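Note sheet for the following structure.
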Amino acid sequence: MNTVLDDNKKLCLMSGEIIQMSPPMNLIFEVQDLAVASPATVSRCGMVYVEPSQIGWRPLKTSWLRMMKETYSQIGDNMQMVDSMTEWLVDPCIDVVKKYCKEPVPTSSINLAKSFMNLYESLLDEFKSPVVKVKRGSQVSSAVEYEGLPAPKGDDALVWLQGLFVMALIWSIGASIDGDGRAKFNLFLHKLLAKEDNLGLELSAGMVVTKPEFQFVALLPERASCYDFTFVKAEMTWKNWLEVADRRGPLLDAQFNEIVVTTIDVARYSILLVLLVTHHKHVLFGGPTGTD
C-alpha cells in the first residue's frame, strides 16, 4: 500500500508482480477512523477530517429539494409542505433511533436521511415532469424517460404526498432497528404524527419538534404497528402488506426448494427491493444472523 501511495505509484503484490499506475490515476479513501492505519500510510495521504455531526443532513436536503423541484415539477406548491414535513419528522425520528433503539448494522444519521430521500422520490413517479419530445435532426427523443400516470390534484395530492412520506420514513429511518426498537419507534411515530405534546420519549437536549401548521390527513391506523401497513395510491389509504402482495400458490409441478411462502416479511421486503432497484437505488438489507 505504501509503495502505491508514493510518487512512483507502483502497486507491489504478494506474488511479486508490480503494477504501475498511470499519472492521471488517484486513490481516495473514505474511512470511518484511522484505527488500523500506520503512520507511514497517514503521512503519504492528504487528510481532510470532517465531523459528520458538524455537517448534518440538511445540506443533502437542500440539494435534494432543488432536484425535486426540477424532476418532480407536478408537486408544484406542495413542495413547501414536503419541506415542512422533512423539518418536522426527520430529526426527531433519527434521534429516537440513535438514542433508544438498537441497530444490528450501525448507520450514520446522514445515511438514514439519504435513504429516506431515495425511497421517497422512488414513490413519486406520478409527480414527475411530463415527457417533452425533442427533435434532433430526423430523430425524436424524450427529454424525460418516464411517462407517468396523471398526477393527483388538490386534496388527493396532499394525501398522496403525506402518506408516501410516512411510508418512506418508516422504511428508511425506522427500518434499521431490531424488533424492540421498532415497537418504541411505532409508538413514538403515532404520537408525533398526531402532534401530541407528550411523545413518550425524551428527545436530546436542544431538539425542538417543529409542528407544521397544515393538517396531517394521512394518519396511520390506530393500535397497529406502522410496519404492518403500506400506503396504497389507488385507494389513498393504508393497507396491510399481505393485502397487496402476490398471494398465488406455487405451481403444481414446483420443486420443494422452489416454493416461497408469502409471509408479511416476504411481501414487504420484496416490494421494497423491486421499488428501489427499478429506480436505480442501492439496497442493503441488514439484520441479525438467521434472518435471511
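Just so it is clear, the structure is predicted and the values come from calculations on it, not from any experiment.
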Is L123 close to W160 at the side-chain level, that is, under 4.5 Å between some pair of heavy atoms?
-> no
Report yes if the side chains of Q80 and F214 come closer than 4.5 Å at any heavy-atom pair, otherwise no.
-> no
Discussion item. Before you tell me yes or no, could you show the steps for R58 and D91 under salt bridge (Lys or Arg N to Asp or Glu O under 4.0 Å), namely the whole-Å CA-CA distance, both residues' side-chain angles and the distance that decides it to 0.1 Å?
Written reply: CA-CA 10 Å; R58 280 180 172 77; D91 255 343; 2.8 Å; yes
Subject >> Sub-4.5 Å side-chain heavy-atom contact between Y269 and W241 >> reply: no
Heavy-atom closest pair (I177 atom, F185 atom, distance to 0.1 Å) is CD1-CB, 3.8 Å
Steps toward side-chain contact (heavy atoms from CB on, under 4.5 Å) verdict (S176, V105) = CA-CA 7 Å; S176 63; V105 179; over 6 Å; no
Original post:
Can H279 and D125 be counted as having a side-chain donor-acceptor contact under 3.5 angstrom?
Top reply: yes
| query | Does the side chain of L27 reach to within under 4.5 Å of the side chain of K9, using non-hydrogen atoms? | reply | no
Exercise. In plain terms, say whether R268 and D265 are close enough for a salt bridge, that is, a side-chain N and a carboxylate O under 4.0 Å apart.
Key: yes
When every non-hydrogen atom of A245 is compared with those of A267, the smallest separation belongs to CB-CB, 3.5 Å
Please determine whether a side-chain nitrogen of the Lys or Arg among K211 and D197 lies less than 4.0 Å from a carboxylate oxygen of the Asp or Glu.
yes
query: With side chains defined as the heavy atoms from C-beta onward, is the minimum distance between K153 and Q74 less than 4.5 Å?
result: yes
### Message
I'd like to check L119 versus L275 (side-chain heavy atoms, cut-off strictly below 4.5 Å). Are they in contact?
### Response
yes
- Task: Before accepting this row, confirm whether a basic side-chain N of the pair K281/E121 lies closer than 4.0 Å to the acidic partner's carboxylate O.
- Result: yes
Validation row: Y120, V82 side chains within 4.5 angstrom (heavy atoms)
yes
Would you say that L189 contacts L220 through its side chain, given a criterion of any heavy-atom pair below 4.5 Å between the two side chains? yes
Q) With a 6.0 Å cut-off on ring centres, are W57 and F116 close enough? A) no
Applying salt bridge (Lys or Arg N to Asp or Glu O under 4.0 Å) to K191 and not counting sequence neighbours gives E196
